[in-house]
Amino acid sequence: MNVPLLDLTAQYATIRDEVAPALQSVIERQAFIMGPEIPELERAIAALSHAKHAIACASGTDALLLPLRTLGLTATDEVIAPSFTFFATAGAIHNAGGRPVFADIDPQTFNITAEAIERAITPRTRAIIVVHLFGQMAPMEAILPIAKKHGLAVIEDGAQSIGARRRIGDTWRMAGELGTVGTLSFFPSKNLGAWGDGGMMVTQDDALAARLAKLRLHGGARQYHHEEVGFNSRLDSLQAAVLLVKLRHLQQWNEARRARAAWYREALSGIDGVEAPVTDQANEHIYHQYTIRAERRDALAAHLKSRGIGYGVYYPLPLHLQPCFADLGFGRGSLPVTEAAMGQVLSLPIYPELTEAQQSAVVGAIRDFYA
Ligand SMILES: Cc1ncc(COP(=O)(O)O)c(C=O)c1O
């Protein structure tokens, strides 16, 4: 049985009749730029994220870049970030004029740790990017006091964690709720995916929200008047229309992902050679990825491929080892937990429409490999 890593056509089949009229409505009005769908989506995402403001933009990458630009970074200004993440996290630091400083991760959750952040702080540190990787949150309650002590901005990169939450004290906190700003990506493969690129920034800070809203429109709140140089980084109304429909399903989709993750955990439990992903007890995971650690990972991957089973390796080369960041001085051995993970991680198919027969085929192939 062929099992794709992700099957967006299966999702499309379930929402086709809802999305078509929403798109048609935008087309009839020919209101493609900053139409009413944009503020409607912003209100809905702000509510979901427990945030006062949400500002839509063109991608999850721009959602990182714009707040970084507000910091006015220079080449010696440092921003701490994990190395075990998608390239955009550190690319945005570079493109905002700053210098990425990479910190190691927790071996269980793959998320950046408070201890690693603290070790990486220097007098030149200006901000921290906390990535909530694979769908579960990093320990914000441990990271925020460090940021406060050193006067650092905290950007929560929630590209993979829309709707994820963490119990802090006796309150559930959403991804993006507690940082200076939280960022989301609507890349099609994300849990809430557009039909193209899209992103969102959320914040509790009125002044920052106003500045970000300007920065995405060439730096001017009033057309043809520019207080600073910004970007053309708008979300399309058509994308917002798709996202408003999909948002109605997000909670149920995330629950379906959790159910499939629980099924995998049970089914994988007897197989020597694989470790199921660990959820931090304080977290409600949304399983953007279901990432196992596997012995002889590359051989397992080849075996899965031969059986028609899709997989992903996130990430085969962490950012501190990328050629473009070689001059930052992080050689091999500098981030041991990250470097161990890069050779072991394997992400299995997980999406709401994944059937039990498909999951059985995935686990059966893994079991055969280690038998
Ligand atoms: C952790 C992380 N940060 C940032 C991004 C960038 O988002 P986008 O592709 O929408 O620019 C992504 C996903 O692509 C991501 O996974």
Side-chain angles (χ1 to χ4, degrees), residues 5-6 8 41 45 49 54-69 79-96 98 100 102-103 105-106 109-112 127-138 140 154-164 175-176 179 181-202 212 215-216 231-236 238-240 242-243 246 257 285-291 312-320 322 325 338 341-342 345 347 350-351:
L5 177 62
L6 177 64
L8 286 174
L41 181 69
I45 297 289
S49 306
I55 305 102
C57 63
S59 68
T61 302
D62 278 6
L64 292 164
L65 179 64
L66 270 53
L68 285 164
R69 277 292 283 250
V79 178
I80 297 169
S83 167
F84 200 63
T85 175
F86 179 64
F87 184 76
T89 308
I93 299 169
H94 174 91
N95 286 336
F102 296 111
I105 51 169
D106 176 73
T109 63
F110 304 110
N111 274 329
I112 195 167
I128 304 163
I129 301 185
V130 177
V131 180
H132 301 310
L133 199 70
F134 297 154
Q136 70 173 322
M137 285 177 66
M140 293 299 291
V154 177
I155 298 175
E156 292 182 65
D157 181 344
Q160 302 186 8
S161 283
I162 186 166
V181 64
T183 70
L184 299 171
S185 162
F186 303 128
F187 186 81
S189 65
K190 297 293 194 264
N191 287 34
L192 181 67
W195 288 1
D197 279 308
M200 189 75 76
M201 303 164 282
V202 299
L212 294 171
L215 272 178
R216 73 168 165 185
F231 301 85
N232 176 359
S233 183
R234 297 173 295 237
L235 180 70
D236 282 0
L238 283 168
Q239 298 303 340
V242 173
L243 291 164
K246 286 194 172 193
R257 285 171 182 267
H285 208 310
I286 58 150
Y287 290 100
H288 174 58
Q289 299 295 345
Y290 188 87
T291 303
V313 174
Y314 310 116
Y315 295 90
L317 189 64
L319 304 187
H320 72 289
Q322 296 287 344
F325 291 137
T338 295
M342 83 178 178
V345 287
S347 298
I350 190 155
Y351 40 93

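It should be emphasised that the depicted structure is a prediction, and the values quoted were computed from it without experimental measurement. When a ligand or atom number is given, it counts from 1 through the structure's own listing order. All residue numbers in this chain count up from 1 along the given sequence.
- Annotation: Tyr315 places no N or O atom under 3.5 Å from an N or O atom of ligand 1; distance criterion only.
- At least one N or O atom of Ser185, backbone or side chain, sits closer than 3.5 Å to an N or O atom of ligand 1.
- Distance alone, capped at 3.5 Å, is enough to place a donor-acceptor pair between the Asp106 side chain and the Thr109 backbone.
- From Cys57, atom SG reaches atom CG of Leu66 across 6.0 Å, with rounding to the nearest 0.5 Å.
- In terms of modelled atom types and a separation under 3.5 Å, the side chain of Ser83 and the main chain of Leu319 share a donor-acceptor contact.
- Shown are Leu65, Asp62, Ile55; of these, the side chain to side chain contact (heavy atoms under 4.5 Å, CB included) with Ser233 is made only by Asp62.
- Interatomic distance, His288 NE2 to Leu192 CG, rounded to the nearest 0.5 Å: 11.5 Å.
- Of all atoms in ligand 1, numbered sequentially from 1 with element shown, those under 4.0 Å from a heavy atom of Ala88 are 4 (C), 5 (C), 6 (C).
- Atom 9 (O) of ligand 1 has Phe187 CD1, 3.8 Å as its closest protein atom, hydrogens excluded (heavy atom only).
- If you check which protein heavy atom lies closest to atom 12 (C) of ligand 1, you get Phe86 CD2, 3.5 Å.
- Given atom 16 (O) of ligand 1, the protein heavy atom at minimum distance is Gln160 NE2, 2.9 Å.
- Here's the thing with Thr61: one of its N/O atoms is less than 3.5 angstrom from an N/O atom of ligand 1.
- From the protein, the heavy atom lying nearest to atom 15 (C) of ligand 1 is Ala159 CB, 3.4 Å.
- Counting only distance, with no hydrogens or angles, the side chain of Asn111 and the backbone of Leu133 share a donor-acceptor pair below 3.5 Å.
- Those atoms of ligand 1 that come under 4.0 Å of a heavy atom in Val131, given as number and element, are 1 (C).
- The aromatic rings of Tyr315 and Phe84 sit perpendicular, their planes meeting at an angle over 60°, well past the 30° parallel limit.
- For atom 1 (C) of ligand 1, the nearest non-hydrogen atom from the set Asp157, Leu133, Asp62 belongs to Asp157.
- Side-chain contact, His132 with Gln160: no donor N or O sits under 3.5 Å from an acceptor N or O.
- Interface of Thr85 with ligand 1, defined as ligand atoms under 4.0 Å from a residue heavy atom, comprises 1 (C).
- Here the heavy atom of the protein found nearest to atom 13 (C) of ligand 1 is Lys190 NZ, 2.7 Å.
- Near Gly60, the atoms of ligand 1 lying under 4.0 angstrom from a non-hydrogen atom of the residue are 6 (C), 7 (O), 8 (P), 10 (O), 11 (O).
- The aromatic rings of Phe87 and Phe325 lie parallel to each other, their planes meeting at an angle below 30°, with 60° marking the opposite boundary.
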